[in-house]
Amino acid sequence: MSNRKNNKTDNINPETSTDTQQKGDQVDEQELLRQYDRESNVRGNIGKWAWIVTFLAIYLTIFHLYTGYYGTLQSQIQGAVHVGTALGIIYLLYPAKKGLHDRGVPWYDVILAFTAIFVGYYKIMFFDKILDARIHGYEMLDVIVAVVGVLLLLEATRRAVGVPIVVVAGIVILYALYGNIIPTDVLSHTGFTFEKVMTDLWYRENAIFGIPVQVSAKFIFLFLLFGVILVHSGIGQFFNDLAFALTGRFTGGTAKAAVSASALQGMVSGSSIANTVSSGSFTIPMMKKAKFRPEFAAAAEASASTGGQLMPPIMGAAAFIMIEYTGTDYGTIMMAALIPAMLYFSGIFMGAHYEAKKAGIFGAAKETLPSALNLLKTKGLMLLPLITIITTLFIGYTPQRAALIGILTAFVVSMLSKESRMSIKKIFYVLEQGARTALPVIAAVGTAGIIAGVVGMTGLGGKVAAAIITLSNDIQLLALIFTMIACIILGMGLPTTANYVVTATIAAPALINGFGVEVLAAHLFVFYFGIVADITPPVCLAAYAGSGIAKSNPFKSGLTAVKLAIAAFIIPYIFVYNPILVQAGDHSIMALILAVITALVGMMGVSSSVMGYFQREARAWERLALLTAGLMLITPNLYIDIAGVVIIGLVWYAQTKRPKDREGIAAAA
């Protein structure tokens with residue numbers, strides 16, 4: 001064995017994080033979020049309008065708590081309050097362009113804010129008249145309100161979410177209006193009138209106020225509020241401390257702890273970029289101090305934070321829309337997502353291990369780490385809200401009721417400790433932050449509803465599916481590759497929920513109807529590739545945010561993140577071809593256990609290949625052999641699995657017989 005004294009050792013106490021951040025590593029978290037996360041580009045000073053924003057935000061939160069407990073209103077009314085109030089707040093909070101966040105609210109944004117509230121609540125004020133107008137025709141005022149509403153939604157989405165989703169929505173609206181000028185053999189149809197397109201988008205149940213907004217108004221808002229309460233009750237620091245206590249003493253302990261902590265926080269945060277910045281400001285300097293390369297430190301945090309959206313129970317809030325789109329209960333979706341998420345994080349964990357071995361980085365001294373047992377004794381109750389919400393979902397409660405129970409449990413637990421106890425002022429602050437957190441999601445799902453509405457109105461989804469089948473020449477693998485590319489491109493500019501709505505509406509039906517892919521496997525396939533766009537170059541915003549903290553090359557950080565998250569690019573293909581990993585189809589428990597074990601061993605082979613280290617630094621042929629064996633093992637087939645194990649065994653034997661002549665070279669360099 002190597003002498004630990006001659007190698008780099010991580011002597012870091014995670015409980016004193018301020019000591020670990022050297023001046024060169026300190027960053028302005030809010031500035032980083034504004035730079036890479038459009039959702040965080042809010043005005044810092046809104047002057048006299050602050051009390052209006054606070055009132056509207058608290059009102060919106062209380063409205064959702066009330067309807068969550070006593071029962072939601074008619075879907076159009078619930079959606080009108082949800083969207084109308086959110087749009088008003090967005091215009092007061094989000095400037096028209098970057099760089100204006102330090103200025104007050106201009107007069108035109110005040111007008112836009114109250115106009116947005118009016119057009120949203122117009123559906124409530126004239127509800128019966130609008131229902132009657134669907135049969136007898138809309139009045140001019142109805143049409144004007146619809147046009148203004150659609151335009152205000154698109155502009156609010158541009159401000160709070162970004163340009164790409166607005167461009168996609170604009171294109172599909174133009175297709176609805178002018179699709180008849182496209183040649184017959186290329187997705188043609190008869191164009192609709194401007195009045196019909198606008199009124200259908202604003203007043204019908206299958207467009208802006210369709211399933212995405214309904215799910216957001218019923219479930220997503222409450223789960224986002226749940227996440228906010230957890231963050232402000234100190235659970236984030238508890239996750240960090242627990243992660244370091246469990247993994248900090250092992251090889252590359254800081255990186256493994258960062259992966260574990262980010263996975264836990266990502267479960268409730270729902271934003272890969274925000275989680276990268278909030279967790280990374282603590283974990284990235286610690287990884288750098290332990291002598292991990294800056295590019296690796298940024299990549300490890302970004303890939304783990306991004307993977308948090310794949311992890312049950314919340315899954316970036318898209319899981320609740322998946323319930324409606326797949327007709328599957330939440331417990332089934334959660335169980336289906338569990339094994340792929342576990343494989344994803346296992347791959348990152350193994351990548352961190354091999355990187356640490358290659359660089360000669362060991363774990364922290366035991367005495368510098370917190371005690372896991374003491375943490376669980378003193379702060380273990382902080383896990384109770386998560387345990388409660390998972391349990392209530394499994395025993396059959398609706399997601400809405402489970403979220404309410406989770407919120408109540410989190411509030412009660414926060415009151416049990418002096419450190420996390422909330423004052424009246426803090427409670428109102430949390431209520432406001434709950435609404436603020438939901439604003440980009442509400443805008444995004446509303447605009448995604450435009451896309452879904454046009455797809456339903458024109459039959460565009462079926463035509464795109466037919467085009468994918470034609471382009472792939474009825475070859476399933478090619479169809480999967482085309483779908484993967486489309487999802488990654490869309491994911492580079494869309495938040496999780498909106499990306500899933502678009503891909504589930506357009507791409508998933510091609511896989512299900514054209515190639516017979518199991519429904520849940522198809523939806524998880526498009527979901528995965530939409531999410532990994534945050535770490536896929538060239539537009540890898542989570543990696544860029546991590547790079548801003550690590551002071552590393554952003555593109556190299558993105559490439560390293562792809563290496564660490566390689567499982568996310570492989571596993572979706574596997575559960576399409578053999579859905580046992582999403583627990584679909586007929587299979588025994590033993591078959592499932594065997595599939596999981598072999599997949600984990602397979603991830604070891606793949607991870608060691610892309611990181612270039614196994615027992616020793618891997619030569620070219622060894623990396624190729626490990627990659628081949630890893631892919632063979634991930635595929636659930638007994639004979640192929642045996643062959644994969646044999647290949648990995650041969651590489652292991654060859655490396656153990658080779659002298660340690662190259663070990664430590666990277667560390668010495």
Side-chain angles (χ1 to χ4, degrees), residues 64 67 72-87 116 119-124 127 130-131 133-134 138 142 145-147 149-154 156-157 161 165-166 168-173 175-176 192 196-221 317-328 399-400 438 440-462 464 490 494-509 523 526-527:
H64 284 89
T67 57
T72 53
L73 306 177
Q74 200 275 346
S75 62
Q76 290 290 294
I77 296 176
Q78 181 90 10
V81 175
H82 186 67
V83 174
T85 310
L87 293 184
V119 297
Y121 281 70
Y122 183 84
K123 298 179 66 174
I124 301 174
F127 183 73
I130 290 171
L131 287 180
R134 293 181 183 180
Y138 294 98
D142 300 333
V145 167
V147 172
V150 171
L151 292 177
L152 287 175
L153 172 61
L154 290 173
T157 305
V161 181
I165 186 174
V166 177
V168 175
I171 290 172
V172 299
I173 289 175
Y175 174 73
F192 296 97
K196 177 174 175 54
V197 171
M198 293 296 109
T199 53
D200 276 11
L201 289 178
W202 193 250
Y203 296 121
R204 296 281 180 177
E205 289 89 350
N206 58 351
I208 291 172
F209 296 92
I211 288 176
V213 161
Q214 291 174 29
V215 173
S216 177
K218 291 179 182 178
F219 310 141
I220 294 177
F221 189 100
F320 308 108
I321 299 178
M322 199 177 293
I323 295 172
E324 302 294 330
Y325 277 19
T326 63
T328 309
Q400 193 172 31
V441 176
I442 296 171
V445 296
T447 301
I450 292 177
I451 300 167
V454 171
V455 168
M457 184 189 306
T458 63
L460 179 62
V464 170
L490 284 170
L494 306 185
T496 301
T497 45
N499 176 268
Y500 171 68
V501 170
V502 174
T503 55
T505 303
I506 296 177
H523 281 263
V526 299
F527 179 57

Looking at CE of M457 and CZ of R204, how far apart are the two atoms once the value is rounded to the nearest 0.5 Å? 9.0 Å
Quick one: CE on M198 to CD1 on I173, what's the gap to the nearest 0.5 Å? 4.5 Å
Take D142 and T199 through the side-chain contact (heavy atoms from CB on, under 4.5 Å) test and state the conclusion after the steps. CA-CA 8 Å; D142 300 333; T199 53; 5.7 Å; no
Fit a plane to each ring of Y325 and H523, take the angle between them on a 0 to 90° scale, and name the class: parallel (under 30°), tilted (30 to 60°) or perpendicular (over 60°). perpendicular
Identify all side-chain donor-acceptor contacts of residues 441-448 below 3.5 Å with residues at least two apart in sequence or on another chain.
unit_1, atom_1, unit_2, atom_2, d
T447, OG1, T157, OG1, 2.6
T447, OG1, A443, O, 3.1

Could you tell me the separation between the CG atom of N206 and the CG atom of L201, rounded to the nearest 0.5 Å? 9.0 Å
Just how far is it from atom CD1 of I220 to atom CD of Q214, taken to the nearest 0.5 Å? 11.5 Å
What one should report as the nearest heavy-atom pair of I506 and I451 is CD1-CG2, 4.3 Å
Between the CZ atom in F127 and the CD1 atom in I77, the distance rounded to the nearest 0.5 Å is 5.0 Å
Closest non-hydrogen contact found for F221 with A438 is CD1-CB, 3.5 Å
Closest non-hydrogen atom pair between T72 and K218, with its separation: CG2-CG, 3.8 Å
Any side-chain donor paired with an acceptor under 3.5 Å for E205 and S75? no
For Y138, does its backbone N or O pair with a side-chain atom of Y203 as donor and acceptor, under 3.5 Å? no
Might you point out which heavy atoms bring A116 and L87 nearest each other, and give the distance in Å? CB-CB, 3.7 Å
All side chain to side chain donor-acceptor pair (under 3.5 Å) counterparts of Q76, not counting sequence neighbours: K123
Heavy-atom closest pair, residues T67 and Q400: O-NE2, 4.0 Å
Roughly how far apart are F219 CZ and I323 CD1, rounded to 0.5 Å? 6.0 Å
Where is the tightest heavy-atom contact between L153 and I450, given as atom of each residue plus distance? CD2-CD1, 4.1 Å
Using the six-membered ring wherever Trp is involved, compare the ring planes of W202 and F209 and label them parallel, tilted or perpendicular (cut-offs 30° and 60°). perpendicular
Donor-acceptor pair, distance only, cut-off 3.5 Å: does the side chain of T85 make one with the backbone of H82? no
